[in-house]
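Notes follow the structure.
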Amino acid sequence: MNNNPYTLTFGKEPPQMIQRFAQSSEILETFSDDSPSQQIYMVTGVRGSGKTVFMTSIARKLEEDSWIVVELNSSGEILKELAAKLYNTKGLSRIFDDAGIDLSFFGISVNIKKNNPITDLGTAVELMLSKLSKRHKRVLITIDEVSNTKEMQYFAGAFQILVRHELPVFLLMTGLYENINKLQNEENLTFLYRAPKLYLGALNIGRIADSYEKLLGLSREDALSLAKMSKGYPLAFQVLGYFSCNKGGDYMAALPDARQYLAEYVYEKIWLELSRIEKDLLTCIALRKQIEVKAVKAAMDLPANEFSVYRDRLIKKGLLDGSTRGVLRLTLPFFDDYVNEHADL
Ligand SMILES: Nc1ncnc2c1ncn2[C@@H]1O[C@H](COP(=O)(O)OP(=O)(O)O)[C@@H](O)[C@H]1O
Ligand SMILES: [Mg+2]
């Protein structure tokens, strides 16, 4: 359907976008401070929780504020890509050329006469950034979907040095909790270990209901009950809206398609990546929709300390909600059905 106001596309800012005011301003204010206390943030959350969209919207806002934004790929030669992209950013090559920064050694074309190629990439990037610093420019680097690769470790190490030299460079990364966690726990990357993590949780339910009320023509009551079904999960907000729109607003008729979509695009992958014990724990909760911690503990037959390790990890992965004291619930909408259908009991 072409004029559907909702989208099934990952990673692109959707027409129906709900702001995350508190989390956006946390990053924007920290990074924009005269003497920033942090130059790095990691954004984490399950697939479909809006990491890419969130990161892009922060980048847009800083760009509007005259920041230089460089989007890098987490695989490949990240530092080299940074040098090349900085050099090729509109208006910057002249600054670097005028300063006589010769990047020809790295295969980056430069327009300077005297040839004195820099051969160390770290030095090159440092020189470039110091020129930008003199012009009071700030550089935001974004990297989507990081994991603990050799390239990322190397880049993080180089970034650490740039920050230590007080260069105006900032890093915003996204990743699944398990991937970010492994990278953060790398031995020589202690500064990453301390880097703040933002967990992307539910979107505002009232705003979701506003959207459904207006665009699907639902009563306030129906809009709110559909919004609650999404549990604020960004992908489900779009998927429920999309299929409901296709059914002319009959949202109950749209549920089977919406659930199937979530299962095929996200839940299957999530399920495959879980360990046996994690699956058992989720199954135990899914059977009853929500369950007392005591009862899960008893059913799981695990030593108490191990139980809390698994519980905490599932909470950090964004699959388990432990916000109500003494009770555990699944975070994602219709995931209990999925789990019940797939658990081998
Ligand atoms: N703030 C938001 N408001 C509305 N929809 C959103 C928002 N953030 C993400 N979405 C929607 O959720 C889906 C997943 O977003 P995406 O950023 O690709 O997630 P992730 O990168 O975490 O997998 C997309 O369809 C996107 O349109
Ligand atoms: Mg993404």
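- Not one N or O on the side chain of Ser244 forms a donor-acceptor pair closer than 3.5 Å with the backbone of Gly241.
- Following chains of ILVMFWY side-chain contacts shorter than 4.5 Å, one cannot reach Leu140 starting from Leu92, and the two form parts of different hydrophobic clusters.
- A distance of 9.5 Å separates CD of Glu341 from CG of Asp336, quoted to the nearest 0.5 Å.
- If you chain together hydrophobic residues whose side chains sit under 4.5 Å apart, Leu192 and Leu167 fall into the same group.
- Taking NE2 of His342 as the reference point, atom CG of Leu274 lies at 12.5 Å (rounded to 0.5 Å).
- In this structure, Glu292 contributes its side chain and Leu328 its backbone to no donor-acceptor pair below 3.5 Å.
- Geometrically, Lys137 does not engage Trp67 in a cation-pi contact defined by less than 6.0 Å to the ring centre and at most 45° from the axis.
- A 6.0 Å sphere centred on CG of Asp301 holds no more than 12 heavy atoms belonging to other residues, nucleotides or ligands.
- Under the 4.0 Å criterion applied to side-chain N and carboxylate O atoms, Lys51 and Asp144 are not assigned as salt-bridge partners.
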Stepwise side-chain contact (heavy atoms from CB on, under 4.5 Å) check, Leu255 with Met229 = CA-CA 10 Å; Leu255 293 184; Met229 280 185 213; 3.9 Å; yes

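- No side-chain heavy atom of Thr44 sits under 4.5 Å from any side-chain heavy atom of Leu198.
- The line from CG of Leu262 to CD of Glu268 is 11.5 Å long, rounded to the nearest 0.5 Å.
- Surrounding CE of Met252 are at most 12 heavy atoms belonging to other residues, nucleotides or ligands under 6.0 Å away.
- Salt-bridge formation is not detected for the pair Asp65/Lys61: no Lys NZ or Arg NE/NH1/NH2 atom is positioned less than 4.0 Å from an Asp or Glu carboxylate oxygen.
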Begin from the C-alpha positions of Asn73 and Ile143 and carry the test side-chain contact (heavy atoms from CB on, under 4.5 Å) through to its verdict.
-> CA-CA 6 Å; Asn73 204 308; Ile143 310 181; over 6 Å; no

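- Hydrophobic clustering keeps Ile18 apart from Val53 (ILVMFWY residues linked when any side-chain heavy atoms are closer than 4.5 Å, directly or through intermediates).
- In this structure, Ala209 and Ala227 approach most closely via the heavy-atom pair N-CB, 3.7 Å.
- Pro196 and Gln38 make their closest contact through CD-OE1, 3.3 Å (heavy atoms, listed as atom of the first residue, atom of the second, distance).
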Applying side-chain hydrogen bond (donor to acceptor under 3.5 Å, both in side chains), run through Asp97 and Tyr87 and close with a yes or a no.
-> CA-CA 9 Å; Asp97 289 345; Tyr87 186 81; 2.8 Å; yes

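- Under the 4.5 Å side-chain criterion, counting only non-hydrogen atoms from C-beta, Met42 is in contact with Gln184.
- In this structure, the side chain of Asn181 does not engage the main chain of Tyr177 through any donor-acceptor pair within 3.5 Å.
- Considering all non-hydrogen atoms of both residues, Pro256 and Ala253 come closest at CD-O, 3.5 Å.
- Centroid-to-centroid, the aromatic rings of Tyr41 and Phe31 come within less than 6.0 Å.
- Atom CZ of Arg220 has more than 12 heavy atoms from other residues, nucleotides or ligands within 6.0 Å.
- When every heavy atom of Gly50 is checked against every heavy atom of Pro234, the shortest pair comes out as N-CG, 4.3 Å.
- Side-chain contact between Thr142 and Thr56 is absent, with no heavy atoms from C-beta onward closer than 4.5 Å.
- Tyr267 places no side-chain N or O within donor-acceptor distance of the main-chain N or O of Phe334, the cut-off being under 3.5 Å.
- Checked by atom type and distance alone, the side chain of Thr89 pairs as donor or acceptor with a backbone atom of Lys85 at under 3.5 Å.
- Here OG1 of Thr283 is found 7.5 Å from CG of Asn340. Values are rounded to the nearest 0.5 Å.
- A donor-acceptor pair shorter than 3.5 Å cannot be found between the side chains of Asn179 and Asn148.
- Residue Phe307 qualifies as enclosed at atom CZ: its count of foreign heavy atoms under 6.0 Å is above 12.
- Without hydrogens or angle criteria, Glu278 side chain to Ser275 main chain gives a donor-acceptor distance under 3.5 Å.
- Contact check on Arg60 versus Glu13 returns a salt bridge, with a Lys/Arg side-chain nitrogen under 4.0 Å from an Asp/Glu carboxylate oxygen.
- Nearest heavy atoms, Gly45 versus Leu176: O-CD2, 3.6 Å.
- Heavy atoms of other residues, nucleotides or ligands lying less than 6.0 angstrom from CD of Glu264 number more than 12.
- Panel note: side chain Ser219, backbone Asp222; a donor-acceptor pair is recorded below 3.5 Å.
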Carefully, step by step, assess Asp210 and Lys214 under the rule salt bridge (Lys or Arg N to Asp or Glu O under 4.0 Å).
-> CA-CA 6 Å; Asp210 292 346; Lys214 192 161 149 234; over 6 Å; no

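- For Thr331 (side chain) and Leu320 (main-chain N/O), a donor-acceptor pair under 3.5 Å exists by modelled atom type.
- Interatomic distance, CZ of Phe159 versus CD1 of Ile40, reported as 5.5 Å (0.5 Å rounding).
- Here Tyr212 and Phe237 bring their ring centres to under 6.0 angstrom of each other.
- There is a side-chain donor-acceptor pair under 3.5 Å between Tyr6 and Ser211.
- Distance alone, capped at 3.5 Å, is enough to place a donor-acceptor pair between the Thr149 side chain and the Met152 backbone.
- By the neighbour-count criterion of 12 heavy atoms within 6.0 Å, atom CD of Gln23 is densely surrounded, having more than that number from other residues, nucleotides or ligands.
- Taking each heavy atom of Ser104 and Asp102 in turn, the nearest pair found is OG-OD1, 2.6 Å.
- The CD atom of Glu306 sits 13.5 Å away from the CZ atom of Arg311 when rounded to the nearest 0.5 Å.
- A continuous path of Ile, Leu, Val, Met, Phe, Trp and Tyr side chains, each step under 4.5 Å between heavy atoms, connects Val169 with Leu103, placing both in one hydrophobic cluster.
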Evaluation steps, salt bridge (Lys or Arg N to Asp or Glu O under 4.0 Å), between Lys317 and Asp312 = CA-CA 9 Å; Lys317 282 185 181 180; Asp312 293 350; over 6 Å; no

Please walk me through it: do Ser37 and Thr30 pass side-chain contact (heavy atoms from CB on, under 4.5 Å)?
-> CA-CA 7 Å; Ser37 57; Thr30 306; 3.8 Å; yes

Would you check, one step at a time, whether the test side-chain contact (heavy atoms from CB on, under 4.5 Å) holds for Asp321 with Leu330?
-> CA-CA 6 Å; Asp321 173 6; Leu330 302 191; over 6 Å; no

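- Counting non-hydrogen atoms of neighbouring residues, nucleotides and ligands closer than 6.0 angstrom, the CZ atom of Arg276 exceeds 12 such neighbours.
- Neither Val70 nor Ile58 shares a network with the other; the hydrophobic side chains, linked directly or stepwise wherever heavy atoms of I, L, V, M, F, W or Y lie under 4.5 Å apart, form separate groups for each.
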Begin with the C-alpha distance, continue with both residues' side-chain angles, and end with the deciding distance and a verdict on salt bridge (Lys or Arg N to Asp or Glu O under 4.0 Å) for Glu273 and Arg47.
-> CA-CA 12 Å; Glu273 287 164 359; Arg47 292 169 209 284; 2.6 Å; yes

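- A search for ring pair (Phe, Tyr, Trp, His ring centres under 6.0 Å) contacts involving Phe10 returns nothing, not counting sequence neighbours.
- Thr123 pairs with exactly one of Asp120, Leu121, Val125 by the side-chain contact (heavy atoms from CB on, under 4.5 Å) rule, that one being Asp120.
- Of the possible donor and acceptor atoms, one in the side chain of Gln238 sits under 3.5 Å from a partner among the backbone N and O of Gln16.
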